[in-house]
Amino acid sequence: IEVSKRVHVWVGEVAQRLNVLISYKGAHGFVALPDGSYLVCDTTSSALATAGTGDVLSGLMGSLIARQESRVQHELAHAAIGAVMIHSLAAELALDKGPHPTAVDIAYHVRSAMALLRESHE
């Protein structure tokens with residue numbers, strides 16, 4: 001079994017046991033739901049290994065979840081995985097500006113990442 005598959009299984013079991021959504025950010029980010037399903041974002045960036053980038057992700061995720069009128073778990077999970085996608089894209093945009101972006105650089109590119117994702121879905 002691949003290490004990443006073991007992590008998916010373990011996180012999924014914890015989400016089921018605790019009846020919660022869990023976001024896990026590693027080489028691939030994913031959100032596990034209590035019903036055993038999960039959403040995966042297979043984009044990644046070396047810039048996300050920088051100190052403080054998890055804080056950027058948690059702030060972004062919190063703001064997207066707070067904007068949801070519905071508290072249905074699947075809709076909240078989509079907001080959470082959306083944050084993971086935006087975070088990854090913002091990191092890539094920050095890398096385009098230089099080889100060692102900071103968490104602040106990544107946060108700066110969140111708005112541009114959101115705009116790019118919106119454009120790609122229109």
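When a residue number appears, it is its place in the shown sequence, counting from 1.
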Which pair of non-hydrogen atoms, one from [X] and one from [Y], has the smallest distance, and what is that distance?
X	Y	result
Ser112	Leu93	CB-CD1, 3.9 Å
Ala113	Ala90	CB-N, 3.7 Å
Ala94	Pro101	CB-CB, 3.6 Å
Ala103	Thr50	N-CG2, 4.3 Å
Leu39	His78	CD1-N, 3.9 Å
Ser23	Met61	OG-CE, 3.3 Å

- Query: Aromatic rings Phe30 and Tyr24: how do their planes relate, parallel, tilted or perpendicular, breaks at 30° and 60°?
  - Reply: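 Tilted: the ring planes of Phe30 and Tyr24 meet at 30° to 60°.
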
Is any side-chain heavy atom of [X] closer than 4.5 Å to a side-chain heavy atom of [Y]?
X	Y	value
Pro34	Val20	no
Val84	His87	no
His109	Leu116	no
Leu64	Gln68	no

- Item | Val31 with Leu18, same ILVMFWY side-chain cluster at under 4.5 Å |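 Unlinked, Val31 and Leu18 end up in two clusters.
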
- Message: Do Tyr38 and Val11 sit in one hydrophobic cluster, given that two such residues count as connected whenever their side-chain heavy atoms are within less than 4.5 Å of each other, even indirectly?
- Response: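 Yes, same cluster.
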
- Passing option when Leu33 is tested against Leu76, Leu21, Ile22 for side chain to side chain contact (heavy atoms under 4.5 Å, CB included):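 The side chain to side chain contact (heavy atoms under 4.5 Å, CB included) with Leu33 is passed solely by Leu21 among Leu76, Leu21, Ile22.
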
Would you compute the distance between atom [atom1] of [X] and atom [atom2] of [Y] and round it to the nearest 0.5 angstrom?
X	Y	atom1	atom2	value
Met114	Leu117	CE	CG	8.5 Å
Asp55	Leu60	CG	CG	12.5 Å
Leu57	Ile106	CG	CD1	10.5 Å

- Do Asp105 and Thr102 get their side chains close enough for a donor-acceptor pair, meaning under 3.5 Å?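 The criterion, which ignores hydrogens and geometry beyond distance, is satisfied for Thr102 and Asp105.
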
- Message: Using modelled atom types and a 3.5 Å cut-off, is there a donor and acceptor pairing between side-chain atoms of Ser88 and backbone atoms of Met85?
- Response: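 Not a single qualifying donor-acceptor pair exists.
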
